[in-house]
Amino acid sequence: MSNTIKIRNCNNITSGEIDICADKLNILFGRNGTGKSTIARAIYLASQSKPLTELAPYGSVSETAPPIIEGVETGRVAIFDDNYVSQYVYQPDSLIKDAFEVLIRSNEYDEAKKNIDDALAKIKATITGRQEIIDLQAQIGVLIDTIKFTTKNKIAKRGGAKGILEGKGTYFKPPEELSELKPFFEEDTVSKWAAWRLQGYELFGQKGRCPYCSTGDTEKTGTINKVFADSFDKASVETAAAIIKALEGLKPYLSKDKVSELVSLFGVKEDLKVLETQLTKLRAEANYLHERLTSIVSFNGSSVDRNNITELESKLTDMKVDFRAIDVYFVSDLTKSEMGAVNSEIDSLLGKVGILKGEIGKYNKYIQDKIQSREQDINDFLNLAGFKYKFDVEMVGENSARALLKYILPDGNSSDMQAPGQHLSWGEKHSFALILFMFDAIHSDANLVILDDPISSFDSNKKYAIINRLFKTGEKGNSLYEKTVLMLTHDFEPVIDYIQTNSGRQNPTSVCANYFENKNGVLQCTPIRKDDDLMSSVVLLKELASDTAIDIAARIGCLRKFIEHQYKDPQVESDAYNILSSLIHGRSEPTLDKEGNEKLSDEQVATGIKYIKSFIPDFDYIAVLAQCTPQCLMERYVTEHSAYIKMLILRVYTERDNEARERLRKYNDVLRKYVDETYHIENDYLYSLDVRRFNIVPDNYIADAERYMAVERARPDFSEE
C-alpha cells in the first residue's frame, strides 16, 4: 500500500508527486539541489497543520500559486534534520530532551505503573472512605483537648484541670448545700454564671449584703457562699463542662458504667487521687485511639509511592487498634465493631501490600533491564562505529532520566564529559543524534519517519554502522525496521546496500528506492530496480561499449575505461587501449606515445583491433576517426538526448583539440574535470546507475556544457575545420 504526496510551488519545486510505500524504507535518491530538504520540511509543516509560507518560491507568496502539499496526514510525523539536532539533542543536563520518555517508557512500563497506581488507589480509598471514623477521630480530639498531658503522660495540673483535681468544678453534681442553685447549673452558660457570681462576692461580699439582691446575709447565705467558693471557679467549671460534653459526644463508644463511675468521683475530696488516676486512664485510651484514627484520616497516599513502599507496611500497622490498650473506657460494642472492621480492612490491605511489592519489584526490574538494554545497545553501536565514548542512562526521580556521554580514556576507564554538544565533532554529534532520534520516533509511534540526508557526510564504515542500527533487521520495536520511512539522500551507498547487494539484510519487500530529479521545477521519480538498473561499473562500461544505439565516441570512451579496469598499466599491457587512445586524440595511426611518433606494429594493431571488435564488431579505425572530428562531434552533441552521452562526446571533443580543452578549463575547470572522468556517484567504483535510463549528470554541468559548446560552434574558425 502506498500514499501519494503531491507538492506544488515550494521553493525550487513547481510540481511533483512522491509515492511512499507503507511499512517500508523508501529511499529517495537524488543530487543536491533537487529539493530534498524542501520536501521534508513541507511534509513536516503539513503534518503539524502549519502554513507553508516559509517555503514560498524565492520567499514570495503568490495568491494564485501558493505553496501546497497534499496527501500528508495530520499528526505523528518525525523528522530528522538540523532543527531536530539543535532543539532536542545535547540539552544542558542530558543528551536528549525527555530522556525518560524516549529511552525507557513503553507500554510495558505503563502497564506496570498502572498496576501499582491502581493498587495504591484501592488502599487509599479503603482507608479514607469511612465517615464514621473521621467523625470519631474529631470527637476524641475534643476530649483530648480538655485533658492536657505533660511530656511524662501525666495530667497537667494547671488551670481548670488543677481545680478539678482539687475538688472544684462539679456543677453537674453540686453539693447539697447548693441545691437551691440547681436551675443555674442546668444551663449551658453555667461557667459564665459561676464566674459572675464568684466575682460579685469576691468584690462586694464583705458588705454583709448580697451584691446582687441587696438582702442582708444570713447563716444560710453565708454557708452557700462559702460552699460555692470552695466548690467552683471559672476555669474548673469550663474544663468540667468541656469534659462532660466530650463524654456525651462519645457516649456510643464508651462504657456507660465507667463513665458514670468517673463522674461520681468529681468533687469528692476523698476520691481525688482515684479521679486523677481514672482521668489519666481515660486520656491515655483516648490518646492511643486518636493516634490510630489520625493515621487513618490523614492518610491520603500522596506520600506513599513505589520508592517507599516498605514504609506503607509500618503505616498500615500503626493504624491497627490493639484492644488491650483500650480495655477500660472504649469498650462498647460499637467501638469493638468499628475498630474490628478497620483492623480487618487493614489486615486485608497488608496482604495487598505484599502483592503490590511484587508489582513494584517487576517495575524496578523492568526499569533496570530497560536501562541496561539501552546502554548495551547504544554502546555496541558506538563500538562498531569506532567512537571512543560510553553511553549511560541515569534515573532522576520517578519519571525522569538523564542520558549521559562519557569519554573512554586510553586505560579503558571512562571520564564524565561536560557539555558534549560543545566538544563533539559534527560527525559525532550527528551520529549520536540519529540513534537517539530513532528511539524518539519509536517512542512517539510516528506514522511517517523522515530522514533528511542523514549520513552523506560520514565515512563508509560509520555510514553502514548507523544505517544498520537504524534499520536493524527483525527488531520492529527497537528499530525503524518495517516502519514507514522516507530517506531523502544524495548518498548512493544506501541504494547499493539495501537494493542491490542487500548487505543491510533487509527483506526485499521492506525497502524500495527511487531516483528523483528536478527538471526546471518539475520533480520526476524513477524506480530503481535491483540488477536491471544497478550493475557494477565495469559491467556497465562493457554494456555501453557494446550498445549499438550509443554514439560511437561514447562507445570507444567507455571501452577504453573498461580496459583501464582490467590492467594495472593498460598503456603497456593492452594494444586495444593504445588504439582507442589514439582515436580519441585524433592520431592518423595508432601509436604508443602522445606525440604520435612511436607507432604500434602491425601485429599489435591486429591484436588490438581483434579485441575491440569483440565489443564493436564493425570497428574500423579510419572510419571511426572520420566520425570523431570536432565538427562531427559537435553535430552529434547537438542532437544527442542523453546528458551522460553528451558528456562523453564533449570529452572526446576536448581531447581532439588541446586549445578547446584549454578554453574549457578557463571557462569552467570543474566541468572540465567532470568530463575527464567517468562519473561514479560518491566515488563508488563498484556500482552505478544505468546511465541509459537515469540522468545522473548534474543540471549545472549540462547547462554549462551547452553554453560552452554553443560558444565553440560560434567560433569563426570552427566551420573552417
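In this text, all values refer to a predicted model and were calculated from it rather than measured experimentally. All residue numbers refer to positions in the sequence shown, counting from 1.
- Every residue was checked against the salt bridge (Lys or Arg N to Asp or Glu O under 4.0 Å) condition with D271, not counting sequence neighbours, and none meets it.
- Side-chain rings of Y84 and H430 stay apart, their centers remaining 6.0 Å or farther from each other.
- If you look at Y481 and F471, their ring centroids are not closer than 6.0 Å.
- F391 does not carry R374 over the face of its six-membered ring by the limits of under 6.0 Å from the centre and within 45° of the normal.
- S332 and T335 share a side-chain donor-acceptor pair at under 3.5 Å.
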Open item on the list: Pair I435, I378 - check side chain to side chain contact (heavy atoms under 4.5 Å, CB included), show working.
Closed with: CA-CA 8 Å; I435 300 303; I378 295 178; 4.2 Å; yes

Open item on the list: Run D322 and K320 through salt bridge (Lys or Arg N to Asp or Glu O under 4.0 Å) and show every step you take.
Closed with: CA-CA 7 Å; D322 190 330; K320 289 187 67 176; over 6 Å; no

TODO: Could you check Q137 against L289 for side chain to side chain contact (heavy atoms under 4.5 Å, CB included), going step by step and ending with a plain yes or no?
DONE: CA-CA 8 Å; Q137 183 262 356; L289 194 53; over 6 Å; no

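- In the model, Q139 has no side-chain atom that pairs as donor or acceptor with a side-chain atom of D135 under 3.5 Å.
- Annotation: Q48, atom CD; neighbour count of heavy atoms from other residues, nucleotides and ligands within 6.0 Å is above 12.
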TODO: Take D23 and K483 through the test salt bridge (Lys or Arg N to Asp or Glu O under 4.0 Å) and record every step on the way to the result.
DONE: CA-CA 4 Å; D23 305 323; K483 289 186 177 294; over 6 Å; no

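- Side chains of V342 and V321 form no contact here, defined as non-hydrogen atoms less than 4.5 Å apart.
- Ring to ring, F330 and Y253 are not that close: their centroids are 6.0 angstrom or more apart.
- A 6.0 Å sphere centred on CZ of R158 holds no more than 12 heavy atoms belonging to other residues, nucleotides or ligands.
- The side-chain heavy atoms of S479 and R469, taken from C-beta on, include a pair separated by under 4.5 Å.
- Checked for salt-bridge contact, E276 and K154 miss the test: no charged N lies under 4.0 Å from a carboxylate O.
- Shown here is D145, whose CG atom has more than 12 heavy atoms of other residues, nucleotides or ligands within 6.0 Å.
- In this structure, K273 and L265 have side chains that are not in contact, with every pair of non-hydrogen atoms separated by 4.5 Å or more.
- In this structure, L404 CG and E394 CD are separated by 5.5 Å, a value rounded to the nearest 0.5 Å.
- Taking a 6.0 Å sphere around CD of Q372, one finds it holds 12 or fewer heavy atoms contributed by other residues, nucleotides or ligands.
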